[in-house]
Structure formats: structure tokens, C-alpha cells
Chemist: 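Can you read through this structure? Questions will come right after.
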Amino acid sequence: MFGLFKWVEDLVGNVINQILQQVNIIQDAVTSPLRALVQQVMGGIWKGDGSVRFVNEMTNEVIPMLVNIMGFNTNYANAIKKSQDRMQQAVKQATSAAQTLFDVFNQIF
């Protein structure tokens, strides 16, 4: 029974790690081109009031909003990890209680 739990525990841990890795990859894939575009505009590819507004909006609103959206996935993975930690703690407590009972029965018989 505990072997099965260990298998599930390992599987969940792997899924959490994959989620976090994918979040970072997606965040970079989404924000890197936008940051590069902002850098080009700041470098002079586009001039005028529109360019200043574009840079400000991208840096202060759009990119942070996208990063925030990616943060929801990180929070999701962290919540799963927290649940996994609680399951591990419960299994340890159950194992300890079972061992105590086993020891008591061994002393009686």
C-alpha cells in the first residue's frame, strides 16, 4: 500500500516540476519578444509620443500582466506541492500509529 503511495508521490512531484518548468518556458516565450520590441523602440526604431506610450504601456501594464497570469500556474503547482506535503505527513503519522499498534500486539502475543 505504501509503495503505491510512493509511486503516486513521485508522479505528483514530477508533474509539479514539469508545470513549473513549462511556466518558465512559456513566460520567456511570451515576454522575450515583447521585451525585445520595447528595446528596439527605445533604441529609436519608432519615435514620437506614440512610441513613448507604447513603451510605457508594455513595460508597466502588458508585460507585468502576462507575468501575473503565468504566476497563477505557479500558484497552482505550489498548491499541489503543499497538498503532497500534507499527504506525506499523514502517511508518516499513519505509519507511526500502525507501528505502535503492531509493537503493542507483538508484546501481547
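The structure presented is a predicted model; accordingly, all values stated were derived computationally and were not measured.
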Chemist: What donor-acceptor contacts under 3.5 angstrom involve side-chain atoms of residues 44-57, with partners at least two apart or in another chain?
Modeler:
| unit_1 | atom_1 | unit_2 | atom_2 | d |
| --- | --- | --- | --- | --- |
| S51 | OG | W46 | O | 3.4 |
| S51 | OG | G48 | N | 3.3 |
| S51 | OG | G48 | O | 2.6 |
| R53 | NE | D49 | O | 3.4 |
| N56 | ND2 | V52 | O | 3.3 |

Chemist: I63 vs T59, test: side chain to side chain contact (heavy atoms under 4.5 Å, CB included). Steps then yes/no.
Modeler: CA-CA 6 Å; I63 294 172; T59 353; 5.5 Å; no

Chemist: Indicate every side-chain donor-acceptor pair of residues 19-41 with a distance under 3.5 Å to a residue at least two apart or in another chain.
Modeler:
| unit_1 | atom_1 | unit_2 | atom_2 | d |
| --- | --- | --- | --- | --- |
| N24 | ND2 | L20 | O | 3.4 |
| T31 | OG1 | Q27 | O | 2.7 |
| S32 | OG | D28 | O | 2.8 |

Chemist: Under a 3.5 Å cutoff, is there a donor and acceptor pairing between the side chains of Q99 and D103?
Modeler: yes

Chemist: Scan residues 57-100 for pairs that pass ring-ring contact (aromatic ring centres under 6.0 Å, His included), counting only residues two or more places apart or in two chains.
Modeler: none

Chemist: Nearest 0.5 Å please: distance from the CG atom of D10 over to the CD atom of Q84.
Modeler: 8.0 Å

Chemist: In Å, rounded to the nearest 0.5 Å, how long is the span from CG of N68 to CG of N75?
Modeler: 8.5 Å

Chemist: Rounded to the nearest 0.5 Å, what's the gap from CG on N78 to CG on D85? Could you check?
Modeler: 10.0 Å

